[in-house]
Number of protein chains: 2
Amino acid sequence: MRWNLDQLRLFVEVAEGASFSAAARRLQRAQSAVSTAIALLEADLGLPLFERSSGRPPRLTEAGQALLEEAREVVRQAQRLDARALGLRQGEEVLLRLAQDEAMPYPPVLDSLEALAQAFPALEMRLASGAQGDVARRLLARQADLGLLFRHEHMPAELERRALGSIAMVTVCGAGHPLAARTVVDRRELARHRQLLVTPPQSGYPGGEQVGPQVWRGDSFYAMAELVLRNLGWAWLPVHVVQYPTYRPSLVELRSDWTPPPLVVELVWRRDEPLGPAARWLAECFATRLAAFG
Amino acid sequence: MRWNLDQLRLFVEVAEGASFSAAARRLQRAQSAVSTAIALLEADLGLPLFERSSGRPPRLTEAGQALLEEAREVVRQAQRLDARALGLRQGEEVLLRLAQDEAMPYPPVLDSLEALAQAFPALEMRLASGAQGDVARRLLARQADLGLLFRHEHMPAELERRALGSIAMVTVCGAGHPLAARTVVDRRELARHRQLLVTPPQSGYPGGEQVGPQVWRGDSFYAMAELVLRNLGWAWLPVHVVQYPTYRPSLVELRSDWTPPPLVVELVWRRDEPLGPAARWLAECFATRLAAFG
DNA sequence: CCCACCCATCTGCGATGACGATAGGTAACG
DNA sequence: CGTTACCTATCGTCATCGCAGATGGGTGGG
């Protein structure tokens, strides 16, 4: 195998134009160069690629036809390598590790990842879902490059963040709960029943505060939703959790005079590792889709 | 893109051995050549591929890791091209057009084609099934390269042939036919009932001769089998047709004192176009599988 | 401290491959 | 039937590229 990529490129060009001289003109070479290059390629491969009937445009032989496909593929692959190098040169990531809060709404995230796969086909992805504290922890431990979480107060200083959108909280109880009969409730009524509150170990996380004396606590919106389904109390939950097909028919939305502020979805990353093109692209995608979602 | 296939090969070699000098030794080059080649490749791509910490073996950078995969793929593709050229140089076909008698038993043919696809992945196949005369006609008209048919007397002289195996004929009738009650029949009894005979326009084809005065004729074993199912007569059919799952439960095999000679399966091709490697390989495959089938 | 080993760099040289010119051949046209 | 306008193959010349070998800096082991 003594032949060149250049020879393959010439081969493809000549085959497509059915002319040696035309290929030479297009590729800014002397006609003789094309002629000898093809001749050498044919010698190397041990096969005639073109039928030269003088005066008639050169025609591919049967072997030439078959090898043209192979040559095209080699050239294509070489261009791929170059394109990949260009991307990497511009800081494109090889691997993007995304950590997200497990309660993040799925549709916009999955849509964004699908689009990302199209825009950066060579990018390798690693996904991790975790409870609220996990996302920041993974970023700090350099186990993730990009995080998707709900804004809270205890954000470490090493992390940069950007708000993407917000998700409203609603007050819900189970269909069999005493409050289910009421359409409008005020804070005093809520205080009389058990509250199911999402509270990670540290306070300062979003999701609302304790209202009455009876409170069960948990670290997951989904776990709390399950408890609500069993009429163990009322809860404040993000609207997308309430509207999950699994929960929706059995949950009752209450109109109350007060609900916690909406959850703010934030993108988070290490201040000392600036985002590459893929991460920035993904951020934009998240932003627009979350906006459409909210 | 000024880099070379050679540079890529060096890159892969160096990465696999984690050593410039080792790669130089293996590829019979001077160490300096490897060093400069990699340096030039890095300059072309605009990226460092290796981390050279003096004394420690060179380690791939993250970009190097990613580009190594791309480079491997380019080299692999180039080798594919060369292998293909070698095959074509040895007369390997680009396209193989097989024409077969529609009554040919499927399992051995399909098994052989499956094996062919494995042995010659790049080969393009075109299949055609036809009645008995069609196979030879297609070969003569250069619409097929290889034929699979049952031996008969009117084989054109332009065609070469090779016997692959034989398939026994059996005497059958439908379950509701008067003969179905008999286990053994002789020629005189057969002559008293309608015979369903496979006879293409020209005589001299295999499948038996007319026995009694009442005969229906057709050009397909399958059409005749359908008539037998409807108790319209008895027939001589190849054993593999009789044993088709569709027919088997409703057909009755008769033991008779005489049946036509077995069908001889033959491979046929044009004398003026010698078979290529793929065709010869397929012929061997047919032969062994038909032998196992019979 | 010396030796073995590794990688980068420099220099000289040879093979490779480009160019331009030339030759030969076909098709269209007057 | 010559002329013209193409096309491709071949040849001679020459620059360039990239190899080999030598050199030097560096590291780790005996």
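Here is the naming used below: chain letters follow the sequence lines, and residue numbers restart at 1 for every chain.
Looking at A:T61, its side chain never comes within 3.5 Å of a backbone N or O of A:F50 through a donor-acceptor pair. Side chain of B:T36 to main chain of B:S32: a donor-acceptor pair is present (N/O by atom type, distance under 3.5 Å, no hydrogens or angles).
One atom, CH2 of B:W3, and another, P of D:dC17, lie 18 Å apart when rounded to the nearest Å. In this structure, B:D6 atom CG and D:dG18 atom C1' are separated by 10 Å, rounded to whole Å. One atom, CG of B:L5, and another, P of D:dC17, lie 18 Å apart when rounded to the nearest Å. As a whole-Å value, the separation of B:L40 CG from D:dC19 C1' is 12 Å. A straight line from CD of B:Q7 to P of D:dC17 spans 12 Å, rounded to a whole angstrom.
Of all nucleotides in DNA chain C, those with any atom nearer than 4.0 Å to a heavy atom of chain B start and finish, going 5' to 3', at C:dC6 to C:dT9.
Annotation: B:R89, atom CZ; neighbour count of heavy atoms from other residues, nucleotides and ligands within 6.0 Å is above 12. In this structure, A:R80 places its CZ atom where only 12 or fewer heavy-atom neighbours from other residues, nucleotides or ligands lie under 6.0 Å away.
Note: A:L275 CG to A:E273 CD = 9.5 Å, rounded to the nearest 0.5 Å. From B:L40, atom CG reaches atom CG of B:D44 across 6.5 Å, with rounding to the nearest 0.5 Å.
Near DNA chain D, meaning a heavy atom under 4.0 Å away, the residues from residues 15-31 of chain A are A:S19, A:F20, A:S21, A:R25, A:Q31.
Note on B:P57: nothing from the nucleic acid sits closer than 4.0 angstrom, heavy atoms only.
Using a 4.0 Å cut-off, no side-chain N or O of B:T36 falls inside it from OP1 or OP2 of D:dG18. For D:dC7, the OP1/OP2 oxygens have no side-chain nitrogen or oxygen of A:R52 closer than 4.0 Å.
Considering every non-hydrogen atom in both B:V12 and B:A71, the closest pair reads CG2-CB, 4.2 Å.
At a threshold of 4.5 Å between non-hydrogen side-chain atoms, the residues B:Q77 and B:E73 count as touching.
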Checklist entry - Yes or no on side chain to side chain contact (heavy atoms under 4.5 Å, CB included) for A:R271 and A:E158, after CA distance, side-chain angles and deciding distance? => result CA-CA 6 Å; A:R271 198 182 299 280; A:E158 294 94 324; 5.7 Å; no
